[in-house]
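When a residue number appears, it is its place in the shown sequence, counting from 1.
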Amino acid sequence: MILRGKVVGSEIPRFKHRWFGILEVEAKGERYKLYMSGVAQWFVTGDEVEIHVKEKPKVKNGEKILDFDDYELYKFYQGDKIKVWPLWEREYEAKRYSPLTGELLYTYKIKAREATYESDFEAIAELEQYHYASQKEKVALWRCERCGNVFEANTKQKCPKCGGEDVHILEIKGSTPASRFLILELENREEYEPRILAYVRIDPPIPLMHRRLPNGEIEKNIREKVFPEDWFHPAFWPERILKELYEELKKKYPKKVARSMLWEKAKWQALRESNTAGARIARVVVHPDYRSDGLGQLSVKAALEWIAERRIPEMRKRKHIVETIAQMARYNPFFEKVGFKFLWETASGRPVLFYSLTDEAKEYIERFLKEDPYAPKDGRLWRPSYGKVEPLKGSIVFKNVSKVFESELDIKGLPEEIQELLKAFGVRHRVIQRPVLRNLNFEIKPKELIVVVGASGAGKTTLLRLILGAAKGYWEEKYRPTSGEIEVPENVKVSVMIPGEFEPEFGSESILEHVYRKIKDLNAAVEVLNRSGLSDAVLYRAKFSELSTGQKERAKIASLLAEKPNLLLMDEFAAHLDTLTAMRVAKKVSEIIREAGITAVIITHRPEVVKALDPDKVLFVGYGTVRVSKGSAHS
């Protein structure tokens with residue numbers, strides 16, 4: 001059954017929380033109450049709507065009620081029909097491919113949908129704390145239904161005032177009444193995996209925008225000089241309404257009462273007035289464990305589709321443009337990878353990027369980039385800072401290399417009863433010579449990524465020590481071959497990690513300070529941390545001692561890369577990381593190694609890590625020999 005009708009009711013809040021609202025519609029002389037989320041706040045009395053009734057309305061106290069799943073709802077704006085309910089959702093597959101072979105490494109099944117339920121907003125609060133929460137800062141407001149107490153917290157908990165458990169999330173701090181939230185939900189997840197991987201917050205465009213020129217001058221209202229003025233007006237701007245309302249309310253109520261009514265009235269009037277042809281991505285937050293997998297890009301792509309299809313946030317004018325204002329865009333290019341263009345900096349020095357949803361918007365952007373004397377012609381903000389290293393000038397060559405370990409077995413000095421037991425097994429005195437590597441002949445070419453595999457005790461670490469000894473000129477016995485020679489180019493600059501022997505030393509400084517001290521470029525330091533799997537800004541300020549075991553391993557990798565070696569030697573790579581994290585880190589490390597031209601020899605015992613590293617060669621070490629096999633990059 002299809003019903004055409006109009007929204008009725010006075011201009012009062014139609015919802016109790018972001019996750020629950022009731023919309024009243026009059027159709028064919030009858031009133032229907034439509035249960036929905038807080039999206040009900042965007043409707044205005046008189047809005048024309050169309051209800052597709054899927055289930056017979058329930059009758060309660062003489063009122064006809066349609067529950068969440070009982071209907072579809074469309075609204076009409078200037079002749080256009082816009083779907084409102086059910087809220088938007090779409091399924092995606094986030095596939096990770098080898099950058100060299102195109103081989104599929106692994107796949108996520110993800111549902112992107114508008115936050116609907118209370119549990120969705122609770123998950124958003126938990127995600128938000130990864131960005132800004134500290135021991136002193138809370139990211140959400142909660143309300144106790146028993147005593148009415150409103151308090152701050154990052155997760156749901158008992159009321160600190162009355163101890164009541166009937167507590168509900170009230171608001172995400174920093175959001176506005178006009179904010180809409182998109183979440184990325186992981187489907188077919190394991191028990192240990194989070195349900196919500198990311199969220200995006202969409203707001204109307206900011207009311208005013210000025211730009212700062214290179215000479216420090218401020219150019220006002222820059223957007224209106226580039227795009228049509230009505231694309232950004234009227235914006236959600238309750239602050240503009242406050243003064244006018246205050247003067248009006250003072251005539252009817254005492255000042256104290258007028259002040260208490262002020263914000264609520266200004267907020268609802270602003271919601272009614274807001275009607276732009278643009279949207280603003282105000283927030284993108286991805287779970288720290290999944291940031292290296294391109295989920296930031298996927299989140300933004302999904303948000304763009306949502307904005308275009310449902311005209312988010314207001315559901316009125318057709319959307320032409322999406323803006324974002326983000327300092328982090330200087331250090332992470334995922335907005336640009338999606339297709340955003342950097343146009344200018346705000347008066348306060350924050351970069352502004354735009355995405356065109358229509359050909360008309362694209363033409364305005366291209367014209368501005370071409371004609372404006374200060375705009376970057378390619379629309380780019382982020383540029384890789386790590387750069388390239390001077391590659392090895394030649395191969396590392398093994399010529400008839402053998403390594404024999406010799407040890408003397410003696411029972412003298414042991415307690416008498418122990419000696420007697422050992423003698424019973426024929427153990428008295430013996431010199432044991434164990435050949436670990438025999439007559440090895442192979443080469444490692446400049447810029448090659450080599451993975452070394454083999455059983456425990458097979459000689460993998462010994463192989464790494466011999467390369468290190470040749471590179472550094474060490475004369476200790478364990479770093480020199482017993483026979484044969486290893487040629488290493490004269491321009492070698494080696495960084496090494498052999499747990500228990502050679503590891504980066506961290507002091508009391510933050511992880512970001514440590515990496516920055518080595519690489520001496522702040523942008524490059526952030527790039528290295530991101531690629532090493534530490535892409536959470538909260539961890540940048542942490543000390544090494546405050547990190548988990550897995551985070552410490554990623555910090556060590558970042559520390560080695562910050563030295564910008566042309567030869568990287570790593571033992572037990574990703575040994576302390578879970579499977580998916582290990583694969584993500586391996587893929588990113590492989591990328592930066594190849595882009596920079598680093599020669600790398602990496603030991604791992606994990607086949608999934610070998611696959612993600614995508615090596616040029618695999619060295620199989622065992623029974624004193626090394627067998628060289630082409631890696632997946634050449635298979």
Side-chain angles (χ1 to χ4, degrees), residues 39 41-44 46-49 74-84 87-88 114 176-182 200-211 219-241 269-284 300-326 335 338-344 346 351-369 371-372 375 379:
V39 71
Q41 70 176 327
W42 284 106
F43 285 87
V44 176
D47 277 345
E48 293 186 12
V49 297
Y74 300 80
K75 69 174 293 187
F76 294 90
Y77 181 79
Q78 295 182 345
D80 294 331
K81 185 176 175 179
I82 307 159
K83 189 172 184 178
V84 176
L87 297 178
W88 187 88
E114 181 168 1
T176 76
S179 299
R180 305 276 293 267
F181 295 84
L182 186 76
V200 184
R201 192 185 106 205
I202 306 297
D203 289 359
I206 62 173
L208 298 175
M209 184 181 292
H210 314 311
R211 78 159 164 172
E219 184 178 2
K220 292 192 172 183
N221 302 317
I222 178 64
R223 284 182 313 200
E224 288 76 5
K225 297 176 182 178
V226 180
F227 305 103
E229 184 173 353
D230 64 353
W231 281 15
F232 301 96
H233 303 285
F236 178 76
W237 198 359
E239 292 80 5
R240 177 185 59 81
I241 302 168
Q269 184 172 326
L271 285 170
R272 291 195 300 272
E273 291 181 359
S274 182
N275 189 13
T276 69
R280 175 166 61 100
I281 295 182
R283 206 85 171 95
V284 180
V300 173
K301 287 178 181 177
L304 293 172
E305 293 181 20
W306 178 43
I307 292 166
E309 290 182 25
R310 297 290 182 95
R311 305 189 180 187
I312 302 301
E314 304 103 325
M315 303 177 297
R316 290 167 187 154
K317 283 181 185 173
R318 180 191 181 197
K319 300 300 180 186
H320 286 281
I321 202 89
V322 180
E323 68 184 22
T324 190
I325 307 164
F335 278 112
V338 171
F340 277 75
K341 298 291 185 180
F342 168 57
L343 270 61
W344 56 71
T346 65
V352 185
L353 296 90
F354 287 91
Y355 184 91
S356 54
L357 294 174
T358 62
D359 290 339
E360 185 180 354
K362 186 177 180 180
E363 290 175 7
Y364 283 120
I365 289 175
E366 289 178 348
R367 185 184 304 127
F368 175 78
L369 291 175
E371 298 176 357
D372 187 83

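Under a 3.5 Å cut-off, the side chain of Lys317 and the backbone N or O of Asn275 do form a donor-acceptor pair. At distances below 3.5 Å, at least one donor-acceptor pair connects side-chain atoms of Arg180 with backbone N or O atoms of Pro313. Proximity of a side-chain donor or acceptor of Ser179 to a complementary backbone N or O of Arg201 within less than 3.5 Å is not detected.
Counting heavy-atom neighbours within 6.0 Å of Lys83 NZ, excluding the residue itself, gives a total above 12.
Heavy-atom minimum distance, Pro205 versus Gly278: CD-O, 3.4 Å. Nearest approach of Ile321 to Ala361, heavy atoms of both residues: CD1-CB, 3.8 Å.
Distance OG1/Thr324 to OH/Tyr355: 14.0 Å, rounded to 0.5 Å. Put simply, CG on Leu343 and CG on Leu369 are 5.0 Å apart, with the number rounded to the nearest 0.5 Å. Summarising the geometry, atom CD1 belonging to Ile325 is positioned 7.5 Å from atom CZ belonging to Phe354; distances are rounded to the nearest 0.5 Å.
Among residue pairs with one or both ends in residues 306-316, those qualifying as salt bridge (Lys or Arg N to Asp or Glu O under 4.0 Å) are Asp80-Arg311, Arg90-Glu309, Glu314-Lys319; sequence neighbours excluded.
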Side-chain donor/acceptor pairs under 3.5 Å, residues 222-231, sequence neighbours excluded:
{"residue": "Arg223", "atom": "NH1", "partner": "Ile206", "partner atom": "O", "Å": "3.1"}
{"residue": "Arg223", "atom": "NH1", "partner": "Glu323", "partner atom": "OE1", "Å": "3.1"}
{"residue": "Arg223", "atom": "NH1", "partner": "Glu323", "partner atom": "OE2", "Å": "3.3"}
{"residue": "Arg223", "atom": "NH2", "partner": "Ile206", "partner atom": "O", "Å": "2.7"}
{"residue": "Arg223", "atom": "NH2", "partner": "Pro207", "partner atom": "O", "Å": "3.3"}
{"residue": "Glu224", "atom": "OE2", "partner": "His233", "partner atom": "NE2", "Å": "2.6"}
{"residue": "Lys225", "atom": "NZ", "partner": "Glu219", "partner atom": "OE2", "Å": "3.3"}
{"residue": "Lys225", "atom": "NZ", "partner": "Lys220", "partner atom": "O", "Å": "3.4"}

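For the side-chain hydrogen bond (donor to acceptor under 3.5 Å, both in side chains) with Arg211, the qualifying choice from Thr346, Asp372, Asn221 is Asp372, the only one to do so.
With a 4.5 Å cut-off on side-chain heavy atoms, Thr276 and Phe236 do not count as touching. The closest side-chain heavy-atom distance from Trp88 to Glu305 is below 4.5 Å. At least one side-chain heavy atom of Phe368 sits under 4.5 Å from a side-chain heavy atom of Trp344. Contact of the Phe43 side chain with the Val84 side chain is registered, since non-hydrogen atoms from C-beta on lie closer than 4.5 Å. Within the 4.5 Å cutoff, the side chain of Met209 has no heavy atoms near those of the Phe232 side chain. No side-chain heavy atom of Val300 sits less than 4.5 Å from a side-chain heavy atom of Val200. Using a 4.5 Å cut-off on side-chain heavy atoms (C-beta onward), Phe340 and Ile281 make contact. Side-chain contact between Leu182 and Ile202: absent, with no pair of heavy atoms (C-beta onward) separated by less than 4.5 Å.
The side-chain hydrogen bond (donor to acceptor under 3.5 Å, both in side chains) test applied to Arg318 returns no partner, not counting sequence neighbours.
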